[in-house]
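Each chain gets a letter, A, B and so on, in the order the sequences are listed, and its residues count up from 1.
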Amino acid sequence: MPELPEVESIAQALRDGKLSLLASCVQRVDVLWDGVLSGISVVDFKRRLDRAVFRSIDRHGKYLLFGLDPAGSSVKRFFLVIHLRMTGRLVMSAATDGHDRYNRLSLLLDNGTCLRFDDPRKFGRVWLVDEPSQVTANLGPDALTIGNEEFAVRLAAHQRQLKPLLLDQSFLAGIGNIYADESLFRCGLHPLTNSGDLSSSDVRRLHGAVAAVLKEAVASQGANIDGVFKAGRFIVNVYGRQGQPCPVCATVIVKTRVGQRGTHFCPNCQPAPPGRRNQGSRCLTLPTMVVT
DNA sequence: CACTCTACCTGTGCGC
DNA sequence: TGCGCACAGGTAGAGT
């Protein structure tokens, strides 16, 4: 379940890693499941990508944005946009390796490697557009870089439960279920708290928690969840830990449903909102939960 | 506007 | 052993 930190790690690896995609040229395109393409036919997709050269790799929220120059250098740069959704992965492998069962898309490159989009559940999607905004127009600002003031302004425009609000990509782009729960735990706010009931210091704490959690997770190259999801080394405090003790106060962590989503929190560190108007602020000092 | 539900998918893990 | 089923979750779109 790649969220912002996992997608950022992928972008960094493909940009700066030993097997950088930059400057590599597409030699062949295999679409192994047509449904992976959004808004473009297989024929057009292949024709446009053939002989194109990777020039830039960026990210907005959970979307990966690859800039490519077409074969004739006078033609305008275009963009390959990829959303991994639930189970999508990007794999660089030797060109000689065969396709495996869940490969949906494969790009053979001129450096002897192959970029493969692998997705057992077929939720992930790929676009080919002139401008990334054609795909990302409805996204809010990126959750990793939004400043406190803009966060406060955007928050003030809503009266919503915090959990669904954090998950709303048009409000803030990049937060998924794991980091929504971890952020709310970090600042001691209950998932059902109404955004309109937050004091300005609550809002600052919430923004600080989101920023801190995401930055730590990016530094750890993503989350590491007990036997379920192991992209990187970021250790979760509440997500998937229902029935286990809270790392701060040892109260048993609870799992509920909020807006159809599994939601994990500590009932002691994140007390239920009392109808309207929240009580005073709480500040948690957490030990660094990252291990190597 | 806020919310709820459904559809899209398939591997996993449970109860029987 | 194996069957059936709930569950996981990001997003779009329809409905309340």
A:Q159 side chain near B:dC1 phosphate (N/O to OP1/OP2, under 4.0 Å): no
Presence of A:K122 side-chain N/O under 4.0 Å of B:dC8 phosphate oxygens OP1/OP2: no
Sugar-phosphate, base or nothing in reach of A:R104, heavy atoms under 4.0 Å: nothing
Listed nucleotide nearest any side-chain atom of A:Y102, set B:dC3, C:dG9, B:dG11: B:dG11
Nucleotide C:dA12, atom P - distance to NZ of A:K62 in whole Å: 10 Å
Short side-chain to backbone donor-acceptor contact, A:R154 and A:F171, under 3.5 Å: yes
Earlier contact from the 5' end, DNA chain B, for A:Q260 and A:A157: A:A157
Sugar-phosphate only, base, or nothing, as touched by A:R85 at under 4.0 Å among non-hydrogen atoms: base
Distance, rounded to the nearest Å, where A:H264 contributes NE2 and C:dC7 contributes C1': 12 Å
Nearest-Å distance for atom pair CZ/C1', residues A:R160 and B:dC3: 8 Å
Sugar-phosphate, base or nothing in reach of A:G124, heavy atoms under 4.0 Å: nothing
Audit row: A:D130, A:R48, salt bridge (Lys or Arg N to Asp or Glu O under 4.0 Å) steps and yes/no: CA-CA 11 Å; A:D130 293 328; A:R48 208 162 172 198; 2.6 Å; yes
Presence of A:H158 side-chain N/O under 4.0 Å of B:dA2 phosphate oxygens OP1/OP2: yes
For atom CG of A:L166 and atom P of C:dG9, their distance in whole Å: 15 Å
Rounded distance in Å - CG (A:D119) to P (C:dG10): 13 Å
Presence of A:Y179 side-chain N/O under 4.0 Å of C:dG9 phosphate oxygens OP1/OP2: no
A:R116 vs A:D100, side chain to side chain contact (heavy atoms under 4.5 Å, CB included): CA-CA, chis, key distance, verdict: CA-CA 10 Å; A:R116 292 192 164 94; A:D100 80 15; over 6 Å; no
Among B:dC9, C:dT11, C:dG9, the one nearest A:H83 by side-chain distance: C:dT11
Nearest-Å distance for atom pair CG/P, residues A:L155 and B:dA2: 11 Å
Side chain of A:W33 - closest among C:dT11, B:dA2, B:dC9: B:dC9
Parallel, tilted or perpendicular: ring planes of A:F234 versus A:Y179, cut at 30 and 60 degrees: tilted
Protein-nucleotide distance (A:L64, atom CG; C:dG10, atom C1'), rounded to Å: 15 Å
Side chain of A:F123 (C-beta onward), nearest among C:dG9, C:dT11, B:dT10: C:dG9
Rounded distance in Å - CZ (A:R101) to P (B:dT10): 9 Å
Short side-chain donor-acceptor distance under 3.5 Å, A:S24 and A:D110: no
